[in-house]
Asks: 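Submitted below is the structure of interest, expressed as structure tokens.
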There are 2 protein chains.
Amino acid sequence: MTNISKEDYLRVIYKGIEETGVVNPTMVAVHLNISNAAVTDMIKKLKREKYVSYNPYKGIQLLQKGKMEAIRLVRRHRIWETFLYQIVGIPWYEIDEEAENLEHSSSDNLIDHLERILNYPEFDPHGHPIPKKDGKIPRQKKCFPLDQIKIGNSGIIQKVNDHSKEFLFYLFNSGLLIRKKIKVIDKRNFDGSIIISVDNKELVLSDKISKNIFVEKIK
Amino acid sequence: MTNISKEDYLRVIYKGIEETGVVNPTMVAVHLNISNAAVTDMIKKLKREKYVSYNPYKGIQLLQKGKMEAIRLVRRHRIWETFLYQIVGIPWYEIDEEAENLEHSSSDNLIDHLERILNYPEFDPHGHPIPKKDGKIPRQKKCFPLDQIKIGNSGIIQKVNDHSKEFLFYLFNSGLLIRKKIKVIDKRNFDGSIIISVDNKELVLSDKISKNIFVEKIK
DNA sequence: TAAATAATTTAAGTGAGCTTAAATTAATTA
DNA sequence: TAATTAATTTAAGCTCACTTAAATTATTTA
């Protein structure tokens, strides 16, 4: 048994919209690693309770109530990540899974305390904005997935979109950290991989990796 | 639905034994606020999985496996309480309920980090010992419930056994904190209440209150 | 020691959140 | 546009952790 909560569904829907603009039940099922039938059930419930609107084949939308809940959860998650990283000293590539556990079991009051201790940070260690208590989301720098940067151009890593331990551990060991400057040296069209330089070293990145690294363009 | 976990049962059994020496299903049901029948079910399961031994009307015992699990949970709980109090700044009378949420969703690794930050504390803010990683429990000062202290004698508050917000809030506002020195001025036999002095003020405490305050005797 | 009381167990049932398999519906492609 | 493919829903069923009510068993008390 998995026992995923309503909150998890809302978070996945929210992040799906944030990242790809549209979310359908299959995407939710894949992300939560459950059957489509289970998602159908839960969407019915979320719809009945006015968290989402939904039309088959047209995608799921968050209604006011659902968006608020999702943002509250995302806030809790990202504040925990920042706290675990900055105060507790958990490594960058482990904070996501710890935060995922804690986010469901912390009161708003506790989260506000953590935020104060951190001095009201605007971004988490992966570069994602931390929603304020009132739901406002800090403005992000305009940035692009690394695979869209042209040969010869440079950028600063501002965000990573995949939070799996393996992916982040790889980036960590390659020195591909937030705020690092990189330059695109070459691209291989046949497999989409990309050659970049960081810290005067050259690295070959698969398209799967480069699609999940977001950089701010610089001259 | 309440959905109390196996861990909660073990914790209640452990603390029951710690405090009164013996635990039966009814006590567990009362503490967890569920029906006796639910406890019967779970005890069957805990027994089958070798966490506890049990004979009707004879009480529940923790087996090695169950004791280890319970101690692990108690450790997590008390380290969180200490962390929330010392590092996060949550008030004394609120840490128990926050910790109760967090204790189920933190890895051993996270707990070890918190313990290090706290410099390996031996007691939590309520005066209870924090089990070490290896399961060892720090030695406590010999102490007695306040209602057993004789008139004219003094003591130092070392532990409180009721962690409810209302109880602790009352103690907090009366200045009855851990390490405080108190003296028993008088007792009323007809209702078991007791008059003590703390910080040069006199207080009347019901027997329900004084039974939950543990003091170390001093001359 | 029999009756009263208290503790415990059994029985039947509920709701949440899943599962798989089959059926339906929509979108895409030949 | 018909056939194929993909997305979605329905149906039936499972487990878990509860519930209440009734039955049983042990302990206590008169």
Asks: Side chain of A/Asn24: nearest nucleotide among D/dT8, D/dT27, C/dA16?
Replies: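 Of the options given, the side chain of A/Asn24 lies nearest D/dT8.
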
Asks: Would you check, one step at a time, whether the test side-chain contact (heavy atoms from CB on, under 4.5 Å) holds for B/Thr82 with B/Asp124?
Replies: CA-CA 5 Å; B/Thr82 311; B/Asp124 74 17; 3.6 Å; yes

Asks: Of the listed nucleotides (C/dC18, D/dT10, C/dT8), which one gets closest to any side-chain atom of A/Tyr9?
Replies: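 Among the listed nucleotides, the one closest to the side chain of A/Tyr9 is C/dC18.
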
Asks: Report which part of the nucleic acid B/Thr26 touches: base, sugar-phosphate, or nothing (heavy-atom distance under 4.0 Å, all strands).
Replies: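 The answer is sugar-phosphate, as B/Thr26 gets under 4.0 Å only of primed atoms, P, OP1 or OP2.
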
Asks: Any side-chain donor paired with an acceptor under 3.5 Å for A/Ser5 and A/Asp8?
Replies: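 Checked: A/Ser5/A/Asp8 side chains pair up, N/O donor to acceptor below 3.5 Å.
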
Asks: Can you tell whether the side chains of B/Lys132 and B/Glu122 come within less than 4.0 Å, N to carboxylate O?
Replies: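 Answer for the salt bridge query: yes.
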
Asks: Taking the side chain of A/Ile34 as its heavy atoms from C-beta onward, which of D/dT8, C/dT19, C/dT8 lies nearest to it?
Replies: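 Selected nucleotide (nearest to the side chain): C/dT19.
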
Asks: May I ask you to check whether B/His128 and B/His77 place their ring centers less than 6.0 Å from one another?
Replies: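 No; B/His77 has its ring centre 6.0 Å or more from that of B/His128.
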
Asks: When you get a sec, tell me which of C/dT20, D/dT9, D/dC18 is the closest nucleotide to the side chain of A/Ser35?
Replies: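 The nucleotide sitting nearest to the side chain is C/dT20.
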
Asks: Would you kindly give the NZ-to-P distance between A/Lys47 and D/dT8, to the nearest whole Å?
Replies: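 Atom NZ in A/Lys47 sits about 13 Å away from atom P in D/dT8.
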
Asks: Checking contacts here: which listed nucleotide (D/dT9, D/dT19, C/dT25) is nearest the side-chain heavy atoms of A/Asn36?
Replies: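 Looking only at heavy atoms from C-beta outward on A/Asn36, the closest nucleotide is D/dT9.
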
Asks: In whole Å, I'd like the distance from the NZ atom of B/Lys58 to the C1' atom of D/dT27.
Replies: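 Interatomic distance, NZ of B/Lys58 to C1' of D/dT27: 10 Å.
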
Asks: If you check every side-chain atom of A/Ala38, which of C/dC18, D/dT10, C/dT10 has the closest atom?
Replies: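 For the A/Ala38 side chain, the nearest candidate turns out to be C/dC18.
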
Asks: Compare the minimum distances between each of C/dA7, D/dT10, D/dA7 and the side chain of B/Tyr57, then state the nucleotide with the smallest one.
Replies: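 Among the listed nucleotides, the one closest to the side chain of B/Tyr57 is C/dA7.
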
Asks: If only side-chain N and O atoms count, and only distance matters, is there a donor-acceptor pair under 3.5 Å linking B/Ser107 with B/Asn109?
Replies: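 There is no such pair (donor and acceptor under 3.5 Å, judged by atom type) between the side chains of B/Asn109 and B/Ser107.
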
Asks: Atom CD1 of A/Ile43 to atom C1' of D/dT8: distance rounded to whole Å?
Replies: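 Spelled out: CD1 on A/Ile43 to C1' on D/dT8 is 10 Å.
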
Asks: Please state how far atom CG in A/Asn55 lies from atom C1' in D/dT8, giving the value in whole angstrom units.
Replies: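 Those two atoms, CG and C1', are 13 Å apart.
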
Asks: Write down the distance between CG (B/Leu10) and P (D/dA17), rounded to a whole number of angstrom.
Replies: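 One finds 12 Å between P of D/dA17 and CG of B/Leu10, rounded.
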
Asks: Is there a side-chain contact between A/Lys45 and the phosphate of C/dA16, meaning an N or O under 4.0 Å from OP1 or OP2?
Replies: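 Answer is no, no contact under 4.0 Å.
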
Asks: B/Ala37 has a side chain; which of C/dT8, D/dT19, D/dT8 sits nearest to it?
Replies: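 Taking heavy atoms from C-beta onward, the closest nucleotide is D/dT19.
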
Asks: Please determine if a side-chain N or O atom of B/Lys44 lies less than 4.0 Å away from the OP1 or OP2 oxygen of C/dT10.
Replies: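 Yes, within the criterion.
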
Asks: Which whole-number value in Å describes the distance from A/Asp41 CG to D/dT8 C1'?
Replies: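 Those two atoms, CG and C1', are 12 Å apart.
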
Asks: Contact class for A/Lys6 (heavy atom, under 4.0 Å): base, sugar-phosphate, or nothing?
Replies: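 Touches nothing.
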
Asks: Which whole-number value in Å describes the distance from B/Met42 CE to D/dT19 C1'?
Replies: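 It works out to 15 Å between those atoms.
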
